Trainee: 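Sharing a structure, written as structure tokens. Questions coming.
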Amino acid sequence: MRTFTALYALLSVLFVSAAVLDQPPQEVLTVDVLTDRDAIIEKLLATYDDDPVHVMRLLDPENASELDAPRLLQVFGAEAVWMTEGDKLRLRQQGLGFIDLTNHQDLHTSCGSAESTWPELQYQDKVKSITKHLSKDEMKNNLGNLTSFHNRYYRSEFGVQSSRWLYNQILDIISAAPAGVRLSVETFTHTFPQPSVIARFEPFFGRSSPNPTIALPRIIVGAHQDSANYRFPLLPAPGADDDGSGTVTILEAFRALVQAGFAPERPVEFHWYAAEEGGLLGSQEIVSEYKQLNKQVGAMIQFDMTAYVPKGEVPVVTFITTDVDSNLTNWTRGLAEEYSTSVVGGAKLFAGAGSDHMSWHRAGFPAIFATEGDPFRTFNPYIHTSGDRMDLADGEFSFEHALEFAKVAVGFVVELGGWVE
């Protein structure tokens, strides 16, 4: 028992040293220190039958009671049941995805969006003039920085610091914007430490519609910024593909649109969600606020995992066809065929599975999901582990593939957001 007391004391010192210094993680904890910490965690897991809840109680006794907090969890493909915060750790260790509905039970009362008519493509010259300036090098550099954090766990200091890094990258892009581009950016704080980030192109004619009887429904492009090691949340989780790839994909689309002087007719927002791995927590809080404030949403697309292509497989820009707005999905597949040089296809997930688009779809907004391939055929086996890295063997991590999704993101916002000359 004395041994584990000493181990906990060492971990406490390491955790405090990281938390009190508002610095990037690589400047707070050395690689050797982090490696030692991970080894201690692995030792504890081995000693306590791989029970993440028992180990978390040992490592964080001051907050151990939170692990007993009741949570209404819907495991993908099953009915929602009352469990606990600690059960979330066990579900992740079993590789099970879920939605945490505890604070948002009323949000999901209106599944299915209203029928909408989507426009004919009309901005081909504009879109193609922008997509030719998309840069794989920019994406690779940004992802290298993003994956340098030990993990991006939404309840950890690293999750906060990585979100701040992302916010600063967006500020740098905005600072270089042409004078006429109307932009705003915010950190959307949550009930947990990691904030979401929202960057917004304001409508050319102002934040409000010139005609008060006409709403200005916003167009939203999303990805999730957090990462998770499903074995234990404090272990390394570079999250290069899940969802670092989607994060830098839409960041690059945002950069190219800013440099091009994008002047939309309606609001266009880029969202980087916190705590997707915690049960869509960040996106659900944002959707709840938008509904409370009666903010209109015209269309939403989520990019979750955009870069993994197994050896020998043909890259496919894939749109999930389950639990999405079918009409918008079909329209966007046509858009992808116009603006991407990749093969474009569709794929199913089992019922109730997905990403942050689910928060919007279940609340009644038109929302869709783009991903790197068929999850049942070309699933990335490295996600949710320390092996979700950029430097995979045989070039299986493909920035060329991710770039095709950036083209789709640009086309999506220009064709639906409009462009005022």
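Being a predicted model, the structure only gives us computed values, none of them experimental. Hydrogens, waters and symmetry mates are skipped; everything else that's a heavy atom, side chains included, is used.
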Trainee: Within the side chain of T321, is there an N or O that forms a donor-acceptor pair under 3.5 Å with the backbone of A347?
Mentor: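 The answer is yes, because a donor-acceptor pair under 3.5 Å joins these two groups.
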Trainee: Calculate, to the nearest 0.5 Å, the distance between atoms OG and CG belonging to S283 and L107 respectively.
Mentor: 9.0 Å
Trainee: Quick one: does N168's side chain have a donor or acceptor within less than 3.5 Å of a partner on R164's backbone?
Mentor: yes
Trainee: Tell me whether the NZ or CZ atom of R218 lies within the 45° cone about the ring axis of Y290 and under 6.0 Å from its centre.
Mentor: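 So R218 does make the cation-pi contact.
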Trainee: So, does T306 use its side chain to make a donor-acceptor pair with the main chain of A402 at under 3.5 Å?
Mentor: no
Trainee: Please report the C-alpha distance between S135 and E252 in whole Å, then the side-chain angles of each, then the deciding distance to 0.1 Å, and finally whether the side-chain hydrogen bond (donor to acceptor under 3.5 Å, both in side chains) criterion is met.
Mentor: CA-CA 7 Å; S135 169; E252 180 58 14; 4.8 Å; no
Trainee: Quick one, M300 and F365 - any side-chain contact, counting heavy atoms below 4.5 Å?
Mentor: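 Of all side-chain heavy-atom pairs linking F365 with M300, none is under 4.5 Å.
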Trainee: For R231, is there an ion pair with E42 - N to carboxylate O distance below 4.0 angstrom?
Mentor: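 Counted as a salt bridge, because a side-chain N and a carboxylate O are separated by less than 4.0 Å.
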Trainee: From L234 CG over to F158 CZ, what is the distance, rounded to the nearest 0.5 angstrom?
Mentor: 9.0 Å
Trainee: With a 3.5 Å distance limit and no angle check, can you tell me whether N229 reaches the backbone of A237 through a side-chain donor-acceptor pair?
Mentor: no
Trainee: Is there a donor-acceptor pair under 3.5 Å between the side chain of Q194 and the backbone N or O of G159?
Mentor: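 Yes, because the side chain of Q194 sits within donor-acceptor range (under 3.5 Å) of the backbone of G159.
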Trainee: Please round to the nearest 0.5 Å and tell me the distance separating atom CH2 of W272 and atom CG of D226.
Mentor: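 Separation between the atoms: 15.0 Å.
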Trainee: As an exercise, state the distance from CD of Q93 to CG of D87, rounded to the nearest 0.5 Å.
Mentor: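 Here the rounded value is 12.0 Å.
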Trainee: Can you tell whether the side chains of D51 and R90 come within less than 4.0 Å, N to carboxylate O?
Mentor: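 Salt bridge between D51 and R90, a charged N being under 4.0 Å from a carboxylate O: yes.
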Trainee: The criterion is side chain to side chain donor-acceptor pair (under 3.5 Å); which residues satisfy it with R182, sequence neighbours excluded?
Mentor: none
Trainee: Say whether, by atom type as modelled, one donor and one acceptor occur between the side chain of D388 and the main chain of H384 under 3.5 angstrom.
Mentor: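 No; zero donor-acceptor contacts below 3.5 Å.
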Trainee: Tell me the closest heavy-atom pair linking L392 and G387, and the distance in Å.
Mentor: CD2-O, 3.8 Å
Trainee: Please check if the side chain of W331 supplies one atom and the backbone of P119 the other of a donor-acceptor pair under 3.5 Å.
Mentor: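 Flag set: sc W331 to bb P119 pair under 3.5 Å.
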Trainee: Considering residues at least two apart in sequence or located in another chain, which fulfil the salt bridge (Lys or Arg N to Asp or Glu O under 4.0 Å) criterion with E285?
Mentor: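 Partners of E285 by the salt bridge (Lys or Arg N to Asp or Glu O under 4.0 Å) criterion come out as none, since no residue qualifies.
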Trainee: Holding to side chain to side chain donor-acceptor pair (under 3.5 Å), I want the full list of residues that pass it with Q169, two or more places apart in sequence or in another chain.
Mentor: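 Q169: side chain to side chain donor-acceptor pair (under 3.5 Å) contacts with N142.
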Trainee: Could you go step by step and tell me if H150 and D38 meet the side-chain hydrogen bond (donor to acceptor under 3.5 Å, both in side chains) rule?
Mentor: CA-CA 10 Å; H150 193 61; D38 296 339; 3.1 Å; yes
Trainee: List the steps, then state whether side-chain hydrogen bond (donor to acceptor under 3.5 Å, both in side chains) holds for E313 with T378.
Mentor: CA-CA 8 Å; E313 291 287 340; T378 59; over 6 Å; no
Trainee: So, do L257 and V268 sit near enough that their side-chain heavy atoms are less than 4.5 Å apart?
Mentor: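 Result no, sub-4.5 Å side-chain heavy-atom pair not found.
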Trainee: F254 versus L183: any side-chain heavy-atom pair under 4.5 Å?
Mentor: yes
Trainee: For L328 and A299, work out which heavy atoms get closest and say how close.
Mentor: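 It is CD2-CB, 3.8 Å.
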Trainee: At what distance, to the nearest 0.5 angstrom, does CE of M139 lie from OG1 of T247?
Mentor: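 One gets 10.5 Å once the value is rounded to the nearest 0.5 Å.
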Trainee: In plain terms, say whether K128 and E338 are close enough for a salt bridge, that is, a side-chain N and a carboxylate O under 4.0 Å apart.
Mentor: yes
Trainee: A side-chain contact here means heavy atoms from C-beta on lying under 4.5 Å apart; do I301 and F319 qualify?
Mentor: yes
Trainee: So, for Y230 and F232, is the gap between ring centers shorter than 6.0 Å?
Mentor: no
Trainee: Using modelled atom types and a 3.5 Å cut-off, is there a donor and acceptor pairing between side-chain atoms of K291 and backbone atoms of A363?
Mentor: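 Yes.
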Trainee: Counting N and O atoms only, with roles assigned by atom type, does the side chain of E396 sit under 3.5 Å from a partner on the main chain of K311, one being a donor and the other an acceptor?
Mentor: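 Yes.
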Trainee: Taking atom CZ of R389 as the centre, report whether more than 12 heavy atoms of other residues, nucleotides or ligands fall under 6.0 Å from it.
Mentor: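 Atom CZ in R389 is not crowded, with 12 or fewer foreign heavy atoms closer than 6.0 Å.
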Trainee: Do the charged groups of R155 and E66 touch, with an N to O distance under 4.0 Å?
Mentor: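 A salt bridge is present here (some side-chain N lies under 4.0 Å from a carboxylate O).
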Trainee: So, for H401 and F405, is the gap between ring centers shorter than 6.0 Å?
Mentor: yes
Trainee: Do side-chain atoms of T249 reach the backbone of A406 as a donor and acceptor pair under 3.5 angstrom?
Mentor: no
Trainee: Under the salt bridge (Lys or Arg N to Asp or Glu O under 4.0 Å) rule, collect the residues that match up with K88, sequence neighbours excluded.
Mentor: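 Only E85, D100 meet the salt bridge (Lys or Arg N to Asp or Glu O under 4.0 Å) criterion with K88.
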Trainee: Compare every heavy atom of R71 with every heavy atom of T102, then report the nearest pair and how far apart it is.
Mentor: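 Closest pair (atom of T102, atom of R71, distance): OG1-CA, 3.2 Å.
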Trainee: So, do L235 and N151 sit near enough that their side-chain heavy atoms are less than 4.5 Å apart?
Mentor: no
Trainee: Please enumerate all residues that pass side chain to side chain donor-acceptor pair (under 3.5 Å) together with Y273, with sequence neighbours excluded.
Mentor: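 Testing Y273 for side chain to side chain donor-acceptor pair (under 3.5 Å), a comparison that skips the adjacent residues, returns H271, W360.
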Trainee: Heavy-atom distance under 4.5 Å between the side chains of D242 and E277, does that happen here?
Mentor: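 Yes - at least one pair of side-chain heavy atoms lies under 4.5 Å apart.
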Trainee: Verify the neighbour count for atom CD of E120: are there more than 12 heavy atoms of other residues, nucleotides or ligands below 6.0 Å?
Mentor: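 Atom CD in E120 is not crowded, with 12 or fewer foreign heavy atoms closer than 6.0 Å.
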Trainee: How about D125: does its CG atom have over 12 heavy atoms from other parts shown lying under 6.0 Å from it?
Mentor: no
Trainee: Evaluate S163 against Q225 for side-chain hydrogen bond (donor to acceptor under 3.5 Å, both in side chains), listing each step before the verdict.
Mentor: CA-CA 7 Å; S163 184; Q225 55 171 293; 3.2 Å; yes
Trainee: Got a list of side-chain donor-acceptor pairs under 3.5 Å for residues 259-266, not counting sequence neighbours?
Mentor:
| unit_1 | atom_1 | unit_2 | atom_2 | d |
| --- | --- | --- | --- | --- |
| Q259 | OE1 | R255 | NH1 | 3.0 |
| R266 | NH1 | L416 | O | 2.5 |

Trainee: So, R152 and D243, do they make that salt bridge, N to O below 4.0 Å?
Mentor: no
Trainee: How close do A409 and V221 get, heavy atom to heavy atom, and via which atoms?
Mentor: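 Shortest heavy-atom contact: CB-CG1, 4.4 Å.
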Trainee: Roughly how far, to the nearest 0.5 Å, is the OG1 atom of T371 from the CG atom of D241?
Mentor: 7.5 Å
Trainee: Flag the pair L335 / V127 as yes when at least one side-chain heavy-atom distance between them is below 4.5 Å, and no otherwise.
Mentor: no
Trainee: Count the heavy atoms belonging to other residues, nucleotides or ligands that lie under 6.0 Å from NZ of K295, then report whether that count exceeds 12.
Mentor: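 For K295, atom NZ is crowded (more than 12 foreign heavy atoms under 6.0 Å).
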